[in-house]
There are 2 protein chains.
Amino acid sequence: MHSHKDAGRAADLVVETLAQKIQDGELADGQPLPPERDLMQEFGISRTVVREAVLALSNKGLIEARPRHRPVVRKPGYDAAFAALESIVTHLLHEPGGVKNLFDTRIFIEAALAREAAKHADKGAIFTLKGALEANRLAINDSEAFYQTDIAFHQALYAIPRNPVFPAINKAYTSWLAPQWSQMPRLPQRNQTNYEAHAEIYEAILMRDPDAAETALRKHLSSAWQQVRTTFGDI
Amino acid sequence: MHSHKDAGRAADLVVETLAQKIQDGELADGQPLPPERDLMQEFGISRTVVREAVLALSNKGLIEARPRHRPVVRKPGYDAAFAALESIVTHLLHEPGGVKNLFDTRIFIEAALAREAAKHADKGAIFTLKGALEANRLAINDSEAFYQTDIAFHQALYAIPRNPVFPAINKAYTSWLAPQWSQMPRLPQRNQTNYEAHAEIYEAILMRDPDAAETALRKHLSSAWQQVRTTFGDI
DNA sequence: TAACAATTTTGGTCATACCAAATAAACCAA
DNA sequence: TTGGTTTATTTGGTATGACCAAAATTGTTA
């Protein structure tokens, strides 16, 4: 079954086997992994190797290993995929131009999403968007709530294509860029501006005007980027 | 969300410290990591913990650890980031709808890229695209070469925004979807069709017609998806 | 100086032991 | 029976020490 080119890692076999069991559901989601000492016997290896395998599975996101707890099987979803990027992305963000590169891709994707929404969003999706916009408006004077509804509005945008990858992308964006965003001053006046931008995007989608939707969204996010720039300077 | 700092892992400190040194350049790219026995002394820990830390760094993509070789420091780039996704994406692709979800995002992004290119590509980028297209044409009768030039043409598209994230995305796409793609029959006739599709995309970009560029690209990739469907059935 | 042989270093694996936290079992009071 | 409290067991985290084989280094020779 396994044709190992370089027989350098005993743990690899264990990782593959367990990963397969997880994917096949033999180790169901939420179920704890067998104790390390059991795995030793099952595979005929030392605990060293078992631990190495468990570590690897944990870093791959297939199990969730809280310290001193039994590792729990986590069948990976699209969210987990992007979560695996966190550490490396964090590094990239600390390099010159890192934040801008990432933010530019966000603008790029959301602009395309706005266009897509204007073209193909069904009534239900538009209604959801309208609800998110209304919640956003009601929170203008509560900066903390506004932050949440702001995120929700964009989330609604990512949900429109009905492709689970997009919400996962958005989650990743918000979590990665949160450090920058959360340090920015919260001004009610700015909330008002952002709400109006959201409204403009919504209107364009409602009017089935892709160009207007894209333009409005680009303006909105570019403005947000400028705010970041004026807060942090060149990054 | 919540970052559980349960402080139960001695290895975490080592990982953070070494990661910091890598980011700061104190451990330069390409340089081997200190021997495990040295790290033991430096941090006053057992080899067990050192190995755990090294494993973690390896899984994070900050070092490259070939079996029985000294781990080599690899300052992560955008490519490495997506490479870290491989194992988990592989799992997702094996689930129902997984391939389609991923391919749909590819269509989505490339459509937006085509539009972007038609709007903002400079002469140099268009010239590069033209060269890729010509190479593509010359390889119509050599299916293996055609496959390569096909990839190169799309790569040229991803390079246009001059944002290093996009080429990395493309690399990830091609490597993840390669298993499906490489199993499809290579027909010169199909090469001809694909070349014409590429030419149509290029022409639209040259004419600065975003709508035509997007339409042409969507048609091209949707057709490719249909070919996948007819080869593999519902996946 | 280049090819080869001897030596040291270093990563991979195993076995054992101990501790503290987590879990399960036993127990007891209401 | 039930619910909470105490005790016993399990289990993950870490430390030591040992051994091997493959690398890397050094030394030697043609």
Side-chain angles (χ1 to χ4, degrees), chain A residues 2-19 21-22 26-74 87, chain B residues 2-19 21-22 26-74 87:
Chain A
H2 58 286
S3 58
H4 43 256
K5 304 172 192 174
D6 44 1
R9 314 204 112 84
D12 285 352
L13 176 62
V14 184
V15 170
E16 285 177 29
T17 304
L18 291 180
K21 284 188 179 181
I22 292 175
E26 191 173 338
L27 288 173
D29 187 294
Q31 176 181 340
L33 213 62
E36 296 176 354
R37 286 161 176 94
D38 287 11
L39 293 175
M40 290 175 61
Q41 281 207 316
E42 181 178 343
F43 290 92
I45 53 179
S46 69
R47 197 142 86 93
T48 307
V49 177
V50 171
R51 301 201 100 247
E52 187 176 327
V54 170
L55 244 294
L57 286 172
S58 173
N59 289 322
K60 284 175 183 290
L62 274 72
I63 63 177
E64 187 180 330
R66 293 144 56 211
R68 298 223 158 262
H69 285 69
R70 292 278 289 281
V72 175
V73 173
R74 284 280 172 245
S87 75
Chain B
H2 59 307
S3 57
H4 35 261
K5 289 259 181 180
D6 273 321
R9 311 199 120 81
D12 285 353
L13 175 63
V14 183
V15 170
E16 285 177 29
T17 305
L18 291 179
K21 285 189 179 181
I22 291 174
E26 190 172 338
L27 289 173
D29 187 296
Q31 176 182 343
L33 213 62
E36 297 176 353
R37 287 162 175 93
D38 287 11
L39 292 175
M40 289 176 60
Q41 282 207 318
E42 180 178 344
F43 289 93
I45 54 181
S46 69
R47 197 142 86 97
T48 309
V49 176
V50 172
R51 302 203 98 244
E52 187 177 327
V54 171
L55 244 293
L57 285 172
S58 173
N59 288 322
K60 285 175 183 290
L62 274 72
I63 64 178
E64 187 181 331
R66 292 147 55 209
R68 298 223 159 259
H69 284 69
R70 291 277 293 277
V72 176
V73 173
R74 284 282 172 242
S87 75

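Here is how names work: the chains are called A, B, and so on, in the same order as the sequence lines, proteins then strands, and each is numbered from 1. Values in this document were obtained by computation on a predicted structure and should not be read as measured data. All heavy atoms count here, side chains included; hydrogens, waters and symmetry mates do not.
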- Task: Quickly work out the A/Q41 CD to D/dT11 P distance and round it to whole Å.
- Result: 12 Å
- Task: Take the protein atom CZ of A/R68 and the nucleotide atom C1' of C/dC19, then report the distance between them rounded to whole Å.
- Result: 8 Å
- Task: Calculate, to the nearest 0.5 Å, the distance between atoms OG1 and CD1 belonging to B/T17 and B/I22 respectively.
- Result: 11.0 Å
- From the list C/dC14, D/dA15, D/dG12, which nucleotide is the closest neighbour of the side chain of A/V49? C/dC14
- Please report, rounded to the nearest Å, how far the P atom of C/dG11 is from the CG atom of B/D38. 8 Å
- Among C/dG12, D/dG12, C/dT13, the one nearest A/S46 by side-chain distance: C/dT13
- Task: Give a yes/no answer on whether the side chain of A/R37 brings an N or O atom under 4.0 Å of OP1 or OP2 in D/dT10.
- Result: no
- Query: Under 4.0 Å between a side-chain N or O of A/R70 and OP1 or OP2 of D/dG12?
  - Reply: yes
- Step-by-step side-chain contact (heavy atoms from CB on, under 4.5 Å) determination, B/V50 to B/I45: CA-CA 7 Å; B/V50 172; B/I45 54 181; 3.7 Å; yes
- For DNA chain C, whose closest nucleotide is more 5', that of A/T48 or that of B/H69? B/H69
- Message: What's the separation between atom CD in A/E52 and atom OG1 in B/T48, rounded to the nearest 0.5 Å?
- Response: 11.5 Å
- Donor-acceptor pair (no angle test) under 3.5 Å: B/R47 side chain, D/dG17 base: no
- Nucleotide nearest A/I45 when distance is taken to its side chain, options C/dC14, D/dG12, C/dT13: C/dC14
- Query: Atom CD of B/E52 and atom C1' of D/dT14: how far apart are they, to the nearest Å?
  - Reply: 9 Å
- Interatomic distance, CG@A/D29 vs CD1@A/I63, rounded to 0.5 Å, equals 12.5 Å
- Query: Got A/V15 and A/R9 here, is their nearest side-chain heavy-atom distance under 4.5 Å?
  - Reply: no
- Taken to the nearest whole Å, CE/A/M40 to C1'/D/dT11 is 13 Å
- Query: In whole angstroms, how far is the P atom of D/dT11 from the CZ atom of A/R66?
  - Reply: 17 Å
- Separation of atom CG in A/L55 from atom P in D/dG12, rounded to whole Å: 13 Å
- Message: In this structure, how many angstroms lie between the P atom of C/dT9 and the CG atom of B/L39, rounded?
- Response: 17 Å
